[in-house]
Structure formats: structure tokens, C-alpha cells
Amino acid sequence: MSRHAAAWRQALGAAVAAAACAGPVVAGVDRSDAAQTGEFGPAPVRYEPYVPPAKPAAQRPARLDAKTLAQLALEQNAEVLYARLQSRVSEQAAEAETGLYMPIAYANLRREGRNRQRTVEERLTAALGGITRLDEQVLGGEAGVRVKAPTGGEVALAWRSTQRRSNVIGSASFAQGDSESVGALVLSLRQPLLRGAGRDVVETDLRVARHERDIGTWQFRQQVLRIGSEALSTYWQLWRARSTQALRREALDNARETVEDVRVRVDGGRLAPGAQDEAQAVLSARRAELARGQQALFEAEAKVRVLLDLPPQDGDWPLAEPDLAAPPMPGDLAALAERLPDVEAAWPPLRMALLKREQADARLRLAYSKKLPALDLQASYSSNSLAYGPLDAAQKATQGRNPDWTIGVAVEVPIGGDRRAQAEYRAQQLRVEQSSLEVHSVRQALASDYFNRAAQLTELDRELGQLREELAARQQLEAAVREQFASGVAPRARLLRLQADVLDARMRLIEGTSRLALARVALQLVDGSLLSAHDVRIDE
């Protein structure tokens, strides 16, 4: 190899290294810096399969209350963990699109060789017409940097060099060797003027990916709200099942005492025999209620085990005394309407619908751009040099002695119109209409549900007040009859009947309290206060 070729390669390597400082080098194989090298070159990169982190161990609640159950469920529930991972996937997808304007360094190297007969024209026009064959070796390369502009254009700065060795060059009387080198420093620009022009078009994928990232975040929040409300509902179902089950056992004992009292009175001739059958029917009904309540208790405990990922044999958790102090009730319609914008801002389905509409708008702008004719401005400027060696050619190319420039426009118009682009534009218009309809529908449903939940909570609070008054009245009556029974004035049958009425009133009060608590959870889910009310914070 000649000294000129070695010098040329040295210059090309320096240019490639300088260009690589401006941005990532595009290569066919990605190898890490820590890759081991084998005897005949770098060892192949080994694929390491992804190993997910260990799932946190399930925690058995020592004392269960609504807040504890909600927090443990959100920490350990598989659906919440999956939604969190999906949100991170969306984050990485958006991160992948942020390299849109990153400069790219590129380089290429080529070697050519030819050995052929010279044509008649070449021999007639050349001073060395006696040379009948051409033996030529060409070594060429290019290194540069290109970057995409927000306007949609692309700018590139490159250094090109070609070294040519041939028997024709060496045969010239004035030649100093058998090679010559051509160098050029080239600045080129391609700017779309219609199709593909503008930041809205260039950044479509980036904006769609960012919206998708935000959608993933709101999907995760929606999943957290859903599992949190499900955990709270399960807690109140468990509380209701346990509380009413204890009362059902008391009611069953009361029914047994009633049956015994009726039997004694029937045997004494003070009641007809049919009264004993009626009392026995009440006893059977109490037993059926107890069995049905046990089924509800089993179902509530099973839901807790699923939420906390506990083994099937786990259960019988001690329940903390629930805090039944009710927060302030929602105000009138005017106050609810004033809070509605804040409710809409925190409602995940509505926020996701708005983001999807923004995605559709971004794609619509891209579809409109595709309809336009292609009109591109193309310009380039280069300084050229010709020398015997590549280093001399590179040095002279930077002096700008032999400028070479071009400027022009390129037009491309489909005859008869671009039907595909027009169809895509009409389809995207329909998608925008769909997304707008979804936004309207979700907003209307949210407002209706918000006012409805608030009204239900108000009415349930009034109902609970009536149930408390009923229980107080029945307890007063039962206490009075108990005193009469102790003094021998009131019969035992009346006392047992009033005790059964008190137990039924207590069960109705528990049912009403549970319904009020579930309605409060439903309202907190809608108005966005569910997580803060139970000390749950989402780390974005």
C-alpha cells in the first residue's frame, strides 16, 4: 500500500472521530464497552433474559380496618403492579421519541477496482493514446453529521475524499506519482415547503408518545382508584357480615326461647296448638338467615384474601372498631356545580379521553400534510480541491478556492390526486369526531354520577338518622317491658318479641351504616378524594 493511501486513511479516521463527537454513530451492531474480545475479534454479545424483581411478600393484617386494607391491597395487588409496569413502558416509549433532533454522525468507506480496455474516444482525446488498457484503483469515503430541523428540513455537513490510482496517471510526463486525490467540504440542505413541513408534522410521533405516556399514568391512577374502592367496599361488606352475623345468632337464641315459651303455654292450654307451629317457622327462618349470613361472611373473607394474596386457609382477622363519624355532607347543587371542574380534572377516564382527542388532533395534522403536494427546496455548497495526496486535498478543500453550489426545487404531484392520503385524512377526521364524542359522553356521565352520588349520600344519611331513632325507641320500649316482666306484670312472650324487634332494628341500622359507608366510598371515588381520605399517595 502506498504512503498516499495510508495518509488518506489517517485523514479519514480523524474526520470520522471528529464527526462522532457531534452525536451517536449509527452502526449495524451495538456492542457495549465491556464486551470481551476473542482471539479473532470481539466476542458476540450474550442475551441476558429479563428477570422481574421479587414480588413483595403478602402481609397478614394483624388488625384490619378500612385504611389498612386499602393500603395493603394497593401495595400487593397484581393488577396495580401490572398497571404500574405498563405506565413505565409508556414512559420508555416516550423517551425513545425524544431523540428526534439528535445529530447523527455517519461515515462510509468504499474501494473500487477496474481493469478494462480504453474506448476509442478515450484514446483519441487523451494525450496518452497509446495506453490501450486502464488499470485503476479507487478508494473513497465520506464522513459527516446530519441533523433534522423542527421545520422538517435536514441539514448535513460532510467531508468527502476520493483517491484514484491508475496507470494513466502514472504515465503522464508531468505526474509526480500514480495517484491523485479529490477533497470536498459539502453543506447540503433539504427543506420541505408543503408536504412534511412544520413542527406539528415533524413532532407527531413524539407528541403521540407523550400523550400515550400521560394516558398510561392516568390508567395506573384509575387502576389504583378501582382497587382502592374495591378494597374499601370489601371491608364494609366484611364488617356488615360479621356484625349482622353476631346479631343473627342472638336472634336465633331469641327464637329458641320463644319456641320454648310457646310450648309451655300451649301445654298449659293458654295458646292454640297452631302457635307452636308459627314459632317453629320463625325459628327455621332465623336458622336460614344465619346460614345465609355465614355465606356472605365467607364471600367477604375470600375477597380480602384475593386482594391481599393470602392463602385460602387464612381468615378470622380481628376488625378494628370502624370510625363511623361522618365527614361533612356535600352542599347544595350550586356548591356541587362549583366543585365540578375540580372533579373533572381528577377523573381518570375523562383525562384519558381528552388525551386521546389530542392524539387524534396531532394525527389529523399529519394526515392533512400528506394530502399536500411534495415541494422541496434543495441546496448545497461545497469547496473542492484536487491534489496528489489526500492530506493536501483536505487542506485545500477548507480554503474555499473552488466553490461549487446548487439550488433548486423538486415538485411531486399525484395525477388525479392522492386517494390514499385523502382517505386517511377523512378517516382521521372521523376518529377526531369519535374522540370528541367520547369526551362529551364521559363528561356528561361524570357530572350525572357526581350529582347522583351526592344526592344518594344525603338521603342515606337521613335514612340512617331514622334508623337510629327507631332503634332508640324500640330499646326504650324493650327496657320498659323488661322492668314490667321483672315485676311480673308483662308476659315473657311480649319481652321476647320486643327483643327480637330490637335485634332486627340493630341489623337494619348496621345495613344502613354499611350502605352509607359504601355510598361515601363511591362519592369519594368520583370526586377524587378517595386516596387522600385514606392516606394513599401516588408517586408519579
Side-chain angles (χ1 to χ4, degrees), residues 70 73-74 77 79-91 93-94 200 204 206-233 327 329-365 428-458 518-534 536-540:
L74 293 177
N77 185 263
E79 296 183 21
V80 173
L81 297 177
Y82 181 88
R84 180 57 174 164
L85 291 175
Q86 186 62 37
S87 174
R88 293 179 178 177
V89 169
S90 301
E91 291 177 3
D200 286 344
T204 297
L206 175 61
R207 295 179 181 182
V208 168
R210 286 177 175 173
H211 292 327
E212 198 66 32
R213 176 197 60 193
D214 296 338
I215 289 174
T217 301
W218 283 103
Q219 284 177 338
F220 170 65
R221 187 178 184 86
Q222 183 182 26
Q223 194 72 2
V224 169
L225 289 173
R226 188 183 71 83
I227 297 299
S229 64
E230 183 178 341
L232 294 171
S233 300
M329 290 291 105
D332 54 8
L333 290 178
L336 293 174
E338 186 178 353
R339 286 199 57 209
L340 187 57
D342 296 333
V343 173
E344 292 179 347
W347 185 234
L350 180 58
R351 294 300 301 269
M352 288 188 292
L354 291 170
L355 289 170
K356 289 179 181 178
R357 188 176 65 182
E358 293 180 10
Q359 282 183 323
D361 290 338
R363 290 192 174 104
L364 181 63
R365 292 190 291 268
Q428 192 58 40
Q429 282 182 317
L430 296 176
R431 293 189 184 98
V432 171
E433 185 177 351
Q434 282 180 329
S435 59
S436 299
L437 180 61
E438 181 182 4
V439 169
H440 174 75
S441 176
V442 173
R443 180 176 278 120
Q444 290 293 100
L446 174 61
S448 176
D449 196 28
Y450 176 55
F451 286 103
N452 182 40
R453 297 291 184 184
Q456 284 182 351
L457 189 60
T458 302
L518 292 175
R520 185 176 295 114
V521 169
L523 180 60
Q524 290 173 342
L525 174 64
V526 174
D527 67 10
S529 63
L530 180 69
L531 301 181
S532 59
H534 296 86
V536 176
R537 181 174 57 88
I538 298 179
D539 294 330
E540 299 295 346

Working to the nearest 0.5 Å, report the span between [atom1] of [X] and [atom2] of [Y].
X	Y	atom1	atom2	value
E433	Q428	CD	CD	12.0 Å
F220	L85	CZ	CG	9.5 Å
L518	L457	CG	CG	11.0 Å
D214	H211	CG	NE2	7.5 Å
L525	L531	CG	CG	9.0 Å

Q.
If we count only N and O atoms by modelled type, under 3.5 Å, do the side chains of R431 and Q434 hold a donor and an acceptor together?
A. no
Minimum-distance pair of heavy atoms, taken over all atoms of [X] and [Y]:
X	Y	value
A70	A231	CA-CB, 3.9 Å
L206	A94	CD1-O, 4.4 Å
A360	S435	CB-OG, 3.9 Å
S233	V521	OG-CG1, 4.4 Å

(Q) With a 3.5 Å distance limit and no angle check, can you tell me whether S532 reaches the backbone of S529 through a side-chain donor-acceptor pair? (A) yes
Q) Any donor-acceptor pair under 3.5 Å linking the side chain of H534 with the backbone of L530? A) yes
Hey, does [Y] have a side-chain heavy atom less than 4.5 Å from the side chain of [X]?
X	Y	result
R88	R84	yes
V208	R363	yes
Q219	S87	no

**Q.** Other residues, nucleotides, ligands: >12 heavy atoms within 6.0 Å of Q429 CD
**A.** yes
Distance-only donor-acceptor hits, side chain of residues 338-355, under 3.5 Å, sequence neighbours excluded:
from	atom 1	to	atom 2	distance (Å)
R351	NH1	A345	O	2.9

Q: Identify which one of R210, E212, R207 satisfies the side chain to side chain donor-acceptor pair (under 3.5 Å) criterion when paired with Q359.
A: E212
Q: For the pair E230 and I227, evaluate side-chain contact (heavy atoms from CB on, under 4.5 Å) and give the outcome as yes or no after the intermediate values.
A: CA-CA 5 Å; E230 183 178 341; I227 297 299; 4.0 Å; yes
Q.
Please evaluate residues R453 and D449 with respect to the criterion salt bridge (charged side-chain N to carboxylate O under 4.0 Å, His left out), reporting the C-alpha separation (whole Å), side-chain torsions for both, the decisive distance (0.1 Å), and the verdict.
A. CA-CA 6 Å; R453 297 291 184 184; D449 196 28; 3.1 Å; yes
